[in-house]
Amino acid sequence: MPKQYDAKSIEVLSGLDPVRKRPGMYTDTSCPNHLIQEVLDNSVDEAIAGHCAAIKVSIFKDGFVEISDDGRGMPTDIHPEHKLSGVELILSKLHAGAKFSGEDYNFSGGLHGVGVSVVNALSSSLISTIKRDGKIHEMKFENGEKKSELEVIGEVGSRNTGTIIKFKPDPSYFESEKVEVKKLKHLLKAKAVLCPNLKISFTNENNKKDKEVWEYPSGLESYLAEEIKDQEFLLKDPIISNNANDDNSIDFAINWIMGNVKNLLNESYVNLIPTAQGGSHLNGFKAGLLESLKEFCEFRNLLPKGLKLSADDVLQNAAFIISSKLKDPQFAGQTKERLDSKDHQAFVAASSKDALSIWFNQHTEEGEMIAELAIESAQKRTKEVKVVERKKSFQGPALPGKLSDCNSDNLDETELFLVEGDSAGGSAKQARERGFQAIMPLRGKILNTWDLESVEVIKSQEIKDLATAIGVNPGENDLSKLRYGKICILADADSDGLHIATLLCALFLRHYKSLIQDGRVYVAMPPLFRIDCAKEKFYAVDEKEKEQIVKNLQNKQGKPKVDIQRFKGLGEMNPSQLRETVMDPNSRKLVQLTINPNDNVNAMMDLLLSKKRSSDRKDWLEKKGKIAKV
């Protein structure tokens, strides 16, 4: 008899339980970096408010991470309503903070009041030390629960204030328990750049030589030059601008790179928090840049008749960094990767247009060179094949016959699965949700497009069909005709499947970079194994996960009978298994393709796929081949 559904079935999560139950809703669970950023942002907010001049970040051999600052220190007095100290409220209660009213912090990044409490919830141990009012206070937590009361452990000079948070991330909540040091150092450097006169120090005990200090009194200009090395800039000096009012401010630096681009710096920040997915401030900057250049081109009669520029044309070879500050920023989620503050977009657009229009009129020769780059990009874009819109009509090329389209045209929900082979495609069609999921089978390995120009790539029928299906041509940056919100690569979990997935990733990275930058491309992670034990079933994407599942089962139940099935491919999985493991949004595993300024992804893909690098590839295989696991 099924369990009765009544009021007793309703579960209310209290305290920090919601975070532990669904950690992915509150932080990036790939590694602990985002936890460090949450603590760091509190210290940076103190710096923005003018109360902090130095921040220290340390990684210890025992897995602990420590962030200390010389700010005012967390409040240690008792809250009049909740009867708890300010420290305990901040660390153990969600949505508790001093940044809602805007009275204590004019500009800040921590506005939801959940950041540092999330760190506590997902840490096996956390120690908070506060220097305030001439005393040193300490409070300890374990697994998010209070271990000791706030107590005074010493005295200090009245001017010596600050907060020290030392914590050890619980590895059970993260795919990898290791801090990605390279990304963390890039973040720390950017924070120092964006907050002039803030000194940030970093120490890594795992590597005694890994010590760095960042302090940038001047800011953006030196940062842009440092990050883009060994490349020729179009402008001798970058365009630098800053503008502010009581509620908003915008600072940006931009320059263009000549010749072949090796590495582009395209970074945006809100209240010193990196916004990997951009948002209102980035859109406003693009709009201001486009309008100012169009105005310049029209005044000097530079545009060919009928040619329309887009913001992506202007930014084709541009390296830039944008730093916005605003009161009460509205982010798309707790990880704060995208800004959704519409009013700020208008401010940034107007500020950018005014500053850039003045610059173009004062630097007409350089302005014409920038215009020439944008016009060349627009001309190349307009030569490419027109693609079909979603609506079924008699206009434009027909959709590929092998595409099984979905019913919805809402980009917030539509998904296109690029599936390896007709067999897997048949199972996927049965497993999908017809309302918002479309299936397009591919015939084995697609063309290696890494060394090809976009105009050549479209000559491949397979890629032409793919372009027609998604609504965007190779090399095109305008996503206004995009037909699906998510494009998911779905290939077998074996080596052949990984090869196909790599070729597709290369296609998107080289010829559909705008899709990746917009967060539209994903790789599905189908399981390689199914593990059955009694009435329980589990799926594992690789040998390591399979061994861990089996080990856990044996530890819990002694030596139970464990049956392991290895899938030969997606076509071998029945529709219900395929739906559960790779298509159902509630249970599947999708990995989003992203581009980080510090990644060497272009160099690695060039090594792996370029026909010109065969000798380098041979050397690399001879050196690295022994680490491959069969």
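Applying the salt bridge (Lys or Arg N to Asp or Glu O under 4.0 Å) criterion to K182, with sequence neighbours excluded, gives no partner residue. Applying the salt bridge (Lys or Arg N to Asp or Glu O under 4.0 Å) rule to D606 yields the partners R613; only residues at least two apart in sequence or on another chain are considered. The side chain to side chain donor-acceptor pair (under 3.5 Å) test applied to N197 returns no partner, not counting sequence neighbours. For D69, there are no salt bridge (Lys or Arg N to Asp or Glu O under 4.0 Å) partners, not counting sequence neighbours. Checked against side chain to side chain donor-acceptor pair (under 3.5 Å), D518 has the following partners two or more places apart in sequence or in another chain: R520. Taking the ring pair (Phe, Tyr, Trp, His ring centres under 6.0 Å) definition, one finds that F202 meets it with nothing, sequence neighbours left out. With sequence neighbours left out, the ring pair (Phe, Tyr, Trp, His ring centres under 6.0 Å) criterion links Y522 to no other residue. For W214, there are no ring pair (Phe, Tyr, Trp, His ring centres under 6.0 Å) partners two or more places apart in sequence or in a different chain. Every residue meeting the salt bridge (Lys or Arg N to Asp or Glu O under 4.0 Å) condition with R588, not counting sequence neighbours, appears here in chain and number order: E415.
Here the shortest heavy-atom pairing between S292 and L356 reads OG-CB, 3.4 Å.
In this structure the side chain of F360 reaches within 4.5 angstrom of the side chain of I370, judged on heavy atoms. Within the 4.5 Å cutoff, no side-chain heavy atoms of C406 are placed close to those of Q437.
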If you look only at distance, which donor and acceptor atoms sit under 3.5 Å apart when one is on a side chain in residues 501-511 and the other is two or more places apart or in another chain?
unit_1: T502; atom_1: OG1; unit_2: L498; atom_2: O; d: 2.7
unit_1: R510; atom_1: NE; unit_2: W450; atom_2: O; d: 3.0
unit_1: H511; atom_1: ND1; unit_2: S454; atom_2: OG; d: 2.9
unit_1: H511; atom_1: NE2; unit_2: T449; atom_2: O; d: 2.9
unit_1: H511; atom_1: NE2; unit_2: L452; atom_2: O; d: 3.4

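For residues 305-327, the ring-ring contact (aromatic ring centres under 6.0 Å, His included) pairs, not counting sequence neighbours, are F285-F320. The list of side-chain hydrogen bond (donor to acceptor under 3.5 Å, both in side chains) pairs with a residue in residues 342-354, not counting sequence neighbours, reads N243-S351, N248-H344, E295-K353, S324-H344.
Paired with S408 under the rule side chain to side chain donor-acceptor pair (under 3.5 Å), one option of E413, R434, E433 passes, and it is E413. Under the side-chain contact (heavy atoms from CB on, under 4.5 Å) rule, K191 has a single partner from V193, L187, L194, which is L187.
Using a 3.5 Å distance cut-off with no hydrogens or angles, the side chains of D313 and S310 do pair a donor with an acceptor. Remark: the N42 side chain and the E46 side chain contain no N/O donor-acceptor pair separated by less than 3.5 Å.
Residue E372 qualifies as open at atom CD: its count of foreign heavy atoms under 6.0 Å is 12 or below. Residue K199 qualifies as open at atom NZ: its count of foreign heavy atoms under 6.0 Å is 12 or below.
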